[in-house]
There are 2 protein chains.
Amino acid sequence: MSMPQPGEAPDTARQRLRVWLRLLKATRLVEATVRENLRVEFDTTLPRFDVLAALYRFEDGLKMSELSAALRVSNGNVTGIIERLVTDGLVLRVPVAGDKRATLVRLTKKGNEEFSKMAAAHATWVSAILEELPPEACEQMIGHLDTIGNSPKLTAKVNGDD
Amino acid sequence: MSMPQPGEAPDTARQRLRVWLRLLKATRLVEATVRENLRVEFDTTLPRFDVLAALYRFEDGLKMSELSAALRVSNGNVTGIIERLVTDGLVLRVPVAGDKRATLVRLTKKGNEEFSKMAAAHATWVSAILEELPPEACEQMIGHLDTIGNSPKLTAKVNGDD
DNA sequence: GCTTGAAATTTCATGCTTGAAATTATCGGG
DNA sequence: CCCGATAATTTCAAGCATGAAATTTCAAGC
């Protein structure tokens, strides 16, 4: 606790690496559980869930490019996922008046109902998984995670409101 | 079906959900940066890096099943990644004496040298990305992340030493 | 010796993901 | 009008990931 600024303490880098490994491990564990629950209980996947969540939030629909930007995934990726969701009747493609290039994508009634159920279950799962985390720990985590997320060394842009 | 605990504050679940969303977002941002750095600087991918890291640690080699268990991915997945690493001369397949079913997999000299460079660069990237996290925050994060990782509600097993 | 079951791995079908290239449509000049 | 630049999207090839089915080998028991 006494090195103010001389380059960097050698252990600091090691400790940060440990944080990253723990972060990755914990996230993958939780994610794997969520994925499995989605598969077993709703016969769906996390990417599909993510897409439905975005469309649920923007009731008026999103253009394909807006959707891929919101989810921070590639355009081509969204094309495939939407294709399957349309086939399953959860999503609808609507032409944009006055621009034949773009397509608007939005939830169908069925999609809306399905996602409502999934979202409720999802919230329950997550709360159960994190049940050992007391409120103060949650506060600390949120603060630290935001710090990480705002690092200027990160490649990806972080403009949007999410 | 487990009964919800009676004395839970109503906002607690919401806050935990927020923690999860932040966790996922921060992890994906860091991961995306690491992936891009691996691609640009070493023309490789995170899954390949993970495999090399595991083999680097176990100098005497690992059986395919041990490898997939260590990385917590499916067997078939490892088969494909190893195939490509062998093609690139970074990994070697060795038959196991006395058991024609199994194969041992280990790094070649080239694989060892390549990974050494990658690991050093990787540590540098991560330390830079997390540079805004003071040591105290690191300690807190590690504690909380371990708490999450030990949740009994998680599906995946967490036996191994990693 | 056979048979039967378990173990180690591969194969397969399907879906997600990316970056790059191709396609189609819009828009602002000339 | 046409031309070139830009925008919105799709297509494509390659790799990653899964769970399930198929393959090959081993290890006992009878």
Side-chain angles (χ1 to χ4, degrees), chain A residues 24 27-29 31-40 42-52 54 61-88 90-91 93-105 155-156, chain B residues 28-29 31-40 42-52 54 61-88 90-91 93-105 155-156:
Chain A
L24 193 53
T27 300
R28 284 183 176 174
L29 282 172
E31 200 173 320
T33 301
V34 170
R35 280 180 198 273
E36 172 152 359
N37 287 345
L38 281 174
R39 183 175 70 86
V40 170
F42 294 99
D43 190 29
T44 193
T45 65
L46 192 51
R48 288 166 66 106
F49 178 82
D50 288 343
V51 166
L52 294 179
L62 286 173
K63 293 200 290 184
M64 291 296 282
S65 48
E66 293 173 334
L67 187 50
S68 61
L71 299 176
R72 296 182 216 291
V73 297
S74 66
N75 285 342
N77 186 3
V78 169
T79 299
I81 298 176
I82 288 292
E83 229 162 52
R84 290 180 280 271
L85 288 173
V86 168
T87 299
D88 295 347
L90 301 178
V91 161
R93 304 184 83 130
V94 190
V96 173
D99 191 340
K100 287 185 193 136
R101 293 172 303 176
T103 328
L104 216 54
V105 177
T155 281
Chain B
R28 283 182 177 174
L29 281 172
E31 200 174 321
T33 301
V34 170
R35 280 180 197 273
E36 173 152 356
N37 287 345
L38 281 174
R39 183 175 70 86
V40 170
F42 294 100
D43 190 29
T44 193
T45 65
L46 192 50
R48 287 167 65 106
F49 179 82
D50 287 344
V51 166
L52 294 180
L62 286 173
K63 292 199 291 183
M64 292 296 282
S65 50
E66 293 172 334
L67 187 51
S68 62
L71 299 176
R72 295 182 217 290
V73 297
S74 64
N75 286 342
N77 187 1
V78 170
T79 299
I81 298 176
I82 288 292
E83 228 162 54
R84 289 180 281 273
L85 288 174
V86 168
T87 298
D88 295 347
L90 302 178
V91 160
R93 303 184 85 130
V94 189
V96 172
D99 190 342
K100 288 186 192 136
R101 295 171 301 178
T103 329
L104 260 177
V105 177
T155 281

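Because the structure is a prediction, the values reported are computed rather than measured. Throughout, a chain's letter reflects where its sequence line sits, starting with A, and its residues are numbered from 1.
As judged by a 4.0 angstrom heavy-atom cut-off over every strand, L46(A) is placed among residues making no nucleic acid contact. When heavy atoms are screened at a 4.0 angstrom cut-off, R84(B) is found touching the sugar-phosphate backbone but no base atom. No contact: R35(B) has no heavy atom under 4.0 Å from any strand. Base engagement by S74(A) is indicated by at least one non-hydrogen atom pair under 4.0 Å involving a base atom.
Between R93(B) and dT10(C), a side-chain N or O to OP1/OP2 separation shorter than 4.0 Å is present. Between dT9(C) and N75(B), no contact under 4.0 Å exists linking OP1 or OP2 to a side-chain N or O.
Under the Watson-Crick or G-U wobble criterion, with both distances below 3.5 Å, dA27(D) is paired with dT4(C). As the counterpart of dT24(C), dA7(D) is assigned, both hydrogen-bonding distances of the Watson-Crick or G-U wobble pattern falling under 3.5 Å.
Taking only side-chain atoms of M64(B), from C-beta outward, the nucleotide of dT9(C), dT9(D), dG19(C) with the closest atom is dT9(C). Comparing dA8(D), dT17(C), dA17(D) against the side chain of A102(A) picks out dA8(D) as the nearest. Nearest nucleotide to the side chain of E83(A), out of dC26(D), dT18(D), dT11(D): dT11(D). Candidate nucleotides dT10(D), dT25(D), dT10(C) were compared by shortest atom distance to the side chain of T79(A), and dT10(D) ranks first. Here dT9(C) is the nucleotide among dT17(C), dT9(D), dT9(C) with the atom lying nearest to any side-chain atom of T103(B). Side-chain atoms of R101(B) lie closest to dT24(D) of the nucleotides dT24(D), dC16(C), dA17(D).
With respect to L67(A), the side chain to side chain contact (heavy atoms under 4.5 Å, CB included) criterion is satisfied by exactly one of D50(A), V51(A), I81(A): V51(A).
If you measure from atom NZ of K100(A) to atom C1' of dC27(C), you get 14 Å, rounded to the nearest angstrom.
We find the CG-CZ distance between L46(B) and R35(B) to be 4.5 Å, quoted to the nearest 0.5 Å. Between atom CZ of residue R84(B) and atom CZ of residue R48(B) there is a gap of 8.0 Å, rounded to the nearest 0.5 Å.
Panel note: side chain D99(B), backbone R101(B); a donor-acceptor pair is recorded below 3.5 Å.
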